[in-house]
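Every chain is numbered from 1 and lettered A, B, ... according to where its sequence line falls, protein lines coming before strand lines.
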Amino acid sequence: MTRQLYEFNGGVHPEQHKHASTRRPIAIAPLPKVLVVPLRQHIGHPAKPVVAVGEQVWKGQTIGQAEGYVSVAVHAPTSGTVTAIASHAVAHPSGLADMCITIAPDGLDRWIEHGALDYRNMDPSHLRNQLRELGIAGLGGAVFPSFIKLNPGAAQKVPTLILNGAECEPWITCDDMIMRERAAEILAGAAIMRHMLRCDEVLVGIEDNKPEAIAAMRAAASQCDFAVEVVAVPTLYPGGGAKQLIKTLTGKEVPSGGRSTDIGVATFNVGTAYSLHRAVNHGEPLISRIVTVTGNVHRPQNFEVLIGTPLAELVRLTGATRDDTSGYVMGGPMMGIDLASSDVPVVKATNCILVKSPALFPPPPPAMPCIRCTRCAQACPADLQPQELYWFARAKNFGKTQEYNLFDCIECGVCTYVCPSHIPLVQYYRYAKSEIWAKEKDKKAADLARERHEFRQLRIEREKQERAAKLAQKASARLTGATADSPDDSASAAKKDAIQAAIERAKAKKEGITPRNIDNLPAEQLQEIAEIEARRARIRAMAQDSVEK
Amino acid sequence: MLSSPYIAEKSSVSIIMLKVLAALVPGIAVYVWLFGPAILVTLTLASVTALVLETSAVRLRGWPARPFLMDGSALVTAWLLALSLPPIAPWWLIVVGTFFAIVVAKHLYGGLGNNLFNPAMVGYAVLIISFPVQMTQWPSPLSLAGAHLGLLDSAQYIFTGILPDGLKLDAISSATPLDTLRTQLQLEHTVREITRLPVFGSIGGTGGEVVVLMYLLGGLYLWLARIITWHIPAAFIAGLWITGGLFHVADPDRYISPWFHLATGGAMLGAFFIATDPVSGATTPRGKLIFGAGIGMLTYLIRTLGGYPDGVAFAVLLMNIMVPLIDAYTQPKVYGHKQKEPAE
Ligand code: SF4
Ligand code: SF4
């Protein structure tokens, strides 16, 4: 019986370019000369360093502790010496540096003591805590801490588990290859997820352009002691977007602003399932991942890479740099981020390093006015009207962009891809989003500042009064026998009333601040915000350029 | 600084416009074959005028002229206008119409992408209101005409108004089927009697119905090439056919078959090429249906009850006014939202 599949709106068929990097098996990248492990690899709090410069660390040793709720630990990818805890260039669209721990490997690759967890007999919250300590986070690109998603919540269960092996972005093949080569381990990870979430069904969604991966996963599924349905989904970008895959497989839509568990679905990337298996059944923290290195390189290939490996060293494994190399993208051509330098380390989010050349990725022709052809709307997988969003974002009419559901935009890039006027639409949406968040923040800051100002006024007032009162006291002491009911006193009483009123006002104001948008959001969106925030500086400049043009 | 996506589909405004022009070619070819080459003169005149005006307007705005001329939108406007006008109309009629289309309707509203009204139809409307007489001189189908104008003779007539020796205007021109229908109905003839006249062909007008068929084929090509969606043409045709059908059923002696309406005048050109102008049309799927159906219905009503022979232009312009309203109230459901929320 074949499963009924559903369609999401739109989507595009960019050229695949996948077979370039699937001809060779996954190779283990050699130990690099230096490892630079960023403390912040996802939204929420960065990890707190728990080692000191000069300290010896062992492979798998925690070097950064999770801090705050949305946070996971980071670990030493190999044994060696901590040589620096300092700001270093990281893979971030803003091009800004961030705190990293640098380790000089000793070449011995000595593990700390580690062992399997008896997850079936563990207290669920203890197990989740262990995963947090082991640094497990989503490897599909969003790097959301897995322990949070592995909490079935109030409903006690999440009926449907979806493993996302769709991998819809062109060029990227790390999921394809891990499914081909490590299918059984992926399903071992799925078994753990299934146990933690009490799932009834386990689905694996794989785009039908990966027949080898589908076959491998089906073979592994037939050996599994629980039912796993491996479903071939149509190859259609962005069919691997969590929302789109959920729609394709279940026909359900994740509610706007909500999360998939609201409709009883949890999705995990296949690579995450593999890491979970390594963590739980072997006790290994997340210190490596599969990375596709492709594009303008001699031998495109997938590598199992230690987190912290410098990008340049990784790219070198595919042969000498080509002369026409014009840059590096982390991720795919549709949603990847341009890297300011090749001096950044591989992080948990690095699924692909795409080496650019002007021949492979020619710059777009100059943008023309929007002709309202609605190709963008026809292709938008979120069913938005990108041309309207563009119009309002360009006019800085951010209220309207929100009315037209700007925040349902998943930034998939499809609209820009199809636009015959070559308008960088997504750039405008990122810009509009960041402006809106900035305004929210400014508003909050302004409220806070006003509050502070009022309290300060209050304090000054009070001090003045106290001084006046003291003076009055002294005066009255001098004028012995003066009545307590002097005019001075009544004046100060009036002032006191005023102060009281001011305090009340300030209080009322404080309570009246509605935490619009930011405060009550699910963690996924908080992550989005954080990412947007970070992109802000650069994108703002970029978008403003084009707006002014 | 670039940001993703780093790849794009091979498409451009120029490619779209070129395909639109290409889709018009079969209709034009058949027109030349059945009505003579005069149309080529007016097409050329309108194109040259449009390009000159477009260049000046773009220059005035200080935009780079090349990409905007290359986009081809001015040519499409020029062709659609020229195809809506009588091919033996005097040269200045073409020039004035093109001026209103390009300069007034398009550039005074902000240029490409900003016009509220369909430029070609603005040009047409100005002409039919200002110069109704010149707008009724249509060439007869060659099969019925007493004489035949070659390319040079046509050009001479268009530019100077002088016909070759001994030729009367009557010999080469006649009223269109829609015009004939109107005047004959006023003379209290029944539809059955009227359609026996030679200008009427098997469905529409003699010759004209073949041209219309070519426009239909060209339009289908645009749909297959995904330049247009089916919504507007289908709704236009349905709106025209159903409205016409209702009248026809009520009184077949007074109201001609709706098929006739589809096969004459600017119906197919309007449905596939004019109403589908993206800039001035509705953009949401349901909005397009409303927009198209409205044009079809209005076209019929104007043709039948109004004072003008063909109603496509006014129908399009009237519906252009409605576009912002239609779009605002037909926003599609967004992924993850329960029901559509009106965007207004
Ligand atoms: S695809 Fe481009 S030109 Fe067409 S409506 Fe969208 S933004 Fe406008
Ligand atoms: S980037 Fe946003 S608006 Fe554009 S197609 Fe994707 S979801 Fe739609």
J.: Please answer whether the main-chain N or O of A:Lys252 pairs with a side-chain N or O of A:Thr250 as donor and acceptor at a distance below 3.5 Å.
T.: yes

J.: So which part of A:Val414 gets closer than 4.5 Å to some heavy atom of chain B, the side chain, the backbone, both or neither?
T.: neither

J.: Tell me whether the NZ or CZ atom of A:Lys243 lies within the 45° cone about the ring axis of A:Phe8 and under 6.0 Å from its centre.
T.: no

J.: Please look at B:Ser73 and chain A and tell me whether the side chain, the backbone, both or neither of the residue comes under 4.5 angstrom of a heavy atom of that chain.
T.: neither

J.: Could you look at A:Ser421 and say if it's the side chain, the backbone, both or neither that has a heavy atom under 4.5 Å from chain B?
T.: both

J.: Does a sphere of radius 6.0 Å around CZ in B:Arg61 hold more than 12 heavy atoms from other residues, nucleotides or ligands, not counting ones at 6.0 Å or beyond?
T.: yes

J.: Where does B:Leu112 contact chain A at under 4.5 Å (heavy atoms): side chain, backbone, both or neither?
T.: both

J.: Check whether A:Val254 gets within reach of chain B through its side chain, its backbone, both or neither, counting any heavy atom under 4.5 Å.
T.: both

J.: Given a strict heavy-atom distance threshold of 4.5 Å, which part of A:Cys380 is in contact with chain B: side chain, backbone, both, or neither?
T.: neither

J.: Under 4.5 Å from any heavy atom of chain A, what part of B:Ile15 do you find: side chain, backbone, both or neither?
T.: neither

J.: Contact part of B:Asp277 toward chain A, heavy-atom cut-off under 4.5 Å: side chain, backbone, both or neither?
T.: neither

J.: With a 4.5 angstrom heavy-atom cut-off, which part of A:Pro366 approaches chain B: side chain, backbone, both or neither?
T.: neither

J.: Quick one: what part of B:Lys10 sits under 4.5 Å from any heavy atom of chain A, side chain, backbone, both or neither?
T.: neither

J.: Identify which of A:His422, A:Gln378, A:Met334, A:Lys247 forms the greatest number of heavy-atom pairs closer than 4.5 Å to chain B.
T.: A:Met334

J.: Between the side chain of B:Asp327 and the main-chain N/O of B:Thr283, is any donor-acceptor distance below 3.5 Å?
T.: yes

J.: I'd like to verify something: which residue of A:Gln244, A:Glu388, A:Met335, A:Gln387 has the highest number of heavy-atom pairs under 4.5 Å with chain B?
T.: A:Met335

J.: Which region of A:Pro255, side chain (C-beta onward) or backbone (N, CA, C, O), has a non-hydrogen atom less than 4.5 Å from a non-hydrogen atom of chain B, or is it both or neither?
T.: both

J.: Under 4.5 Å, counting heavy-atom pairs only, tell me which of A:Pro362, A:Pro14, A:Pro369, A:Gly413 racks up the most with chain B.
T.: A:Pro369

J.: To the nearest 0.5 Å, tell me how far B:Ile7 CD1 sits from A:Glu15 CD.
T.: 8.5 Å

J.: Have a look at A:Phe392 and tell me which of A:Tyr404, A:Phe398, A:Tyr429 forms a ring pair (Phe, Tyr, Trp, His ring centres under 6.0 Å) with it.
T.: A:Tyr404

J.: Would A:Glu253 and B:Lys333 count as a salt bridge (Lys or Arg N to Asp or Glu O under 4.0 Å) if you check the C-alpha gap in whole Å, the side-chain angles of each, and the deciding distance to 0.1 Å?
T.: CA-CA 12 Å; A:Glu253 293 186 357; B:Lys333 187 191 89 73; 2.6 Å; yes

J.: Quick one: does any side-chain atom of A:Thr416 pair with a main-chain N or O of B:Pro5 as donor and acceptor, under 3.5 Å?
T.: no

J.: Tell me whether B:Tyr109 at atom OH has more than 12 heavy atoms from other residues, nucleotides or ligands lying less than 6.0 Å away.
T.: no

J.: Any donor-acceptor pair under 3.5 Å linking the side chain of B:Tyr6 with the backbone of A:Asp338?
T.: yes

J.: Among A:Pro365, A:Pro170, A:Ala377, A:Gly336, who wins on heavy-atom pairs under 4.5 Å with chain B?
T.: A:Gly336

J.: Measure A:Trp171 against the heavy atoms of chain B and call it side chain, backbone, both or neither at under 4.5 Å.
T.: neither

